[in-house]
Amino acid sequence: MLLDRRSFAAGSAALLTGCATVGPQARSIRDCAPLPKVLADPSRVIRTVAGLRPYRASGFVVRAEALGDKKLVHNYGHGGAGITLSWGSSKLATDLGLPGHHGPVAVIGAGALGLTTARLVQEAGFPVTVYAKALPPLTTSNVAGGQISPFGHYRESAVTPEWRKQFQSAMDYSWRRWQIMVGDEYGIRWLPTYEESRNPAHRGDWLDPYYPNGRKLSAQQHPFPLQDVIAFDTMYVETGRFLRQMMRDIQVAGGRFEVRDFPTPGALAALPEKLLFNCTGLGARQLFGDTELQPVRGQLAVLLPQPEVRYAFAGEAGYMFPRADGILLGGTFERDVWDTTPDPADIARIVNSHQRFFSGFRCAA
Ligand SMILES: Cc1cc2nc3c(=O)[nH]c(=O)nc-3n(C[C@H](O)[C@H](O)[C@H](O)COP(=O)(O)OP(=O)(O)OC[C@H]3O[C@@H](n4cnc5c(N)ncnc54)[C@H](O)[C@@H]3O)c2cc1C
């Protein structure tokens, strides 16, 4: 079942047909701005993956509570925006936990939220140990496409004004932090991003500060076989490289990693640290009984890299993010599906819908 990113964010139930809308035909090459085509062919698929987004309708949780004689700060439940929000949400969490604390700190979880929390703890001058059931590359964060854009992480009708404030300040810090990390070291780069825009009501959000250079394109300004196209610039994170580099940074600064599975909060209470950050993602459902947390499965087909493709696209056909480690094709948002084995039929649909889309280009570079 395929659902586009904007429809999911808006809570719509629209499903992808996998057929790109055929729009205006170019009268000549001058009516069409060329871009390189993605060679979306089943023979070019180098791997397939499925991951579970830790989704909560009422939004991510950053909250402190007592656990026996310890302070526990929750930092989980970021749905389809956990890479985007990681730095900012972790900043909220550390601002909540660190003031007045002395001594070592424990971070539970080694995904994007755990590693950014651990770095912020170190930057504030505290020793840290990261405890996790699984380390990168075996986390959901490694599966993420890595677009810096706050999509698919809450339901409009379920959030409070207080949460909205938290979200705004998390987004603001993240947005600035990602910018100062752009470059090969962390695998982060800016790319022009094109989106099919079917619903004029959604157009307002690309004008906000996190969609710089946002504009509606005329048919002359793109090669896509579509009527309504918007464009903006944003950053993309090669998640595997970023997480690997973050682990190194934490170790260089004296941090430790320990592989450990905590079945109950009681097991956490036995840790020597007095301040704990819970960054267990979907794991928080079982560990802390948060049944609002549910998986939204996403599947990706990764194609052979094409370095000449330096733009991203999202629309009815699905989404395409080009990275150094491959061209990511995605587009599934499957609620309450726990299976992390990619479904060959879904993968075939993802590749086919992109194949149709790219073969419909009105002109190509
Ligand atoms: C296909 C797909 C595409 C995505 N694309 C994007 C995107 O483009 N942009 C974006 O911002 N986000 C995206 N996301 C969402 C993003 O991946 C998640 O929001 C994010 O990875 C969540 O990070 P996390 O650190 O909370 O969880 P995780 O990465 O799952 O890390 C959780 C950590 O906690 C540990 N843990 C869990 N339970 C326990 C326990 N009981 N004891 C000890 N350790 C435990 C785990 O082992 C792991 O180390 C995407 C997700 C998917 C699946």
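Positions are given from 1 along the sequence. Keep in mind that the numbers below use all heavy atoms, side chains included, and drop hydrogens, waters and symmetry copies. Source: prediction; values computed, not measured.
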Student: For Q286, check side-chain hydrogen bond (donor to acceptor under 3.5 Å, both in side chains) against everything at least two apart and list the hits.
Tutor: none
Student: Please list, chain by chain and in numerical order, all residues satisfying salt bridge (Lys or Arg N to Asp or Glu O under 4.0 Å) with R241, sequence neighbours excluded.
Tutor: E238
Student: What pairs with S218 under side chain to side chain contact (heavy atoms under 4.5 Å, CB included), at least two apart in sequence or on another chain?
Tutor: Q220, Q221
Student: Partners of A50 by side chain to side chain contact (heavy atoms under 4.5 Å, CB included), sequence neighbours excluded?
Tutor: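 Listed in chain order: R297, Q299, P342.
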Student: List the residues meeting side-chain hydrogen bond (donor to acceptor under 3.5 Å, both in side chains) with R63, not counting sequence neighbours, and say none if there are none.
Tutor: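 Checked R63 against side-chain hydrogen bond (donor to acceptor under 3.5 Å, both in side chains); matches are E65.
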Student: Got a sec, which residues hit side-chain hydrogen bond (donor to acceptor under 3.5 Å, both in side chains) with Y194, two or more places apart in sequence or on another chain?
Tutor: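 For Y194, no residue satisfies side-chain hydrogen bond (donor to acceptor under 3.5 Å, both in side chains) once neighbours in sequence are set aside.
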Student: Given a cutoff of under 4.5 Å between side-chain heavy atoms of I, L, V, M, F, W and Y, with clusters grown through shared members, what are the other residues clustered with L39?
Tutor: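 The other cluster members (ILVMFWY side chains, heavy atoms under 4.5 Å, direct or chained): none.
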Student: L113: which other cluster members, linking ILVMFWY side chains closer than 4.5 Å, directly or transitively?
Tutor: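 Answer for L113: none, a lone residue.
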Student: Kindly write out the residues that satisfy salt bridge (Lys or Arg N to Asp or Glu O under 4.0 Å) with K37, not counting sequence neighbours, or none if the list is empty.
Tutor: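 So K37 forms no salt bridge (Lys or Arg N to Asp or Glu O under 4.0 Å) with any residue.
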Student: Quick one: list whatever passes side-chain hydrogen bond (donor to acceptor under 3.5 Å, both in side chains) with D69, sequence neighbours left out.
Tutor: K274
Student: Run the side chain to side chain contact (heavy atoms under 4.5 Å, CB included) test against V182 and tell me which residues pass, sequence neighbours left out.
Tutor: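 Only I188, W190, M235 meet the side chain to side chain contact (heavy atoms under 4.5 Å, CB included) criterion with V182.
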Student: Remaining members of L138's ILVMFWY cluster at a side-chain heavy-atom cut-off under 4.5 Å?
Tutor: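 L138 shares its hydrophobic cluster with no other residue.
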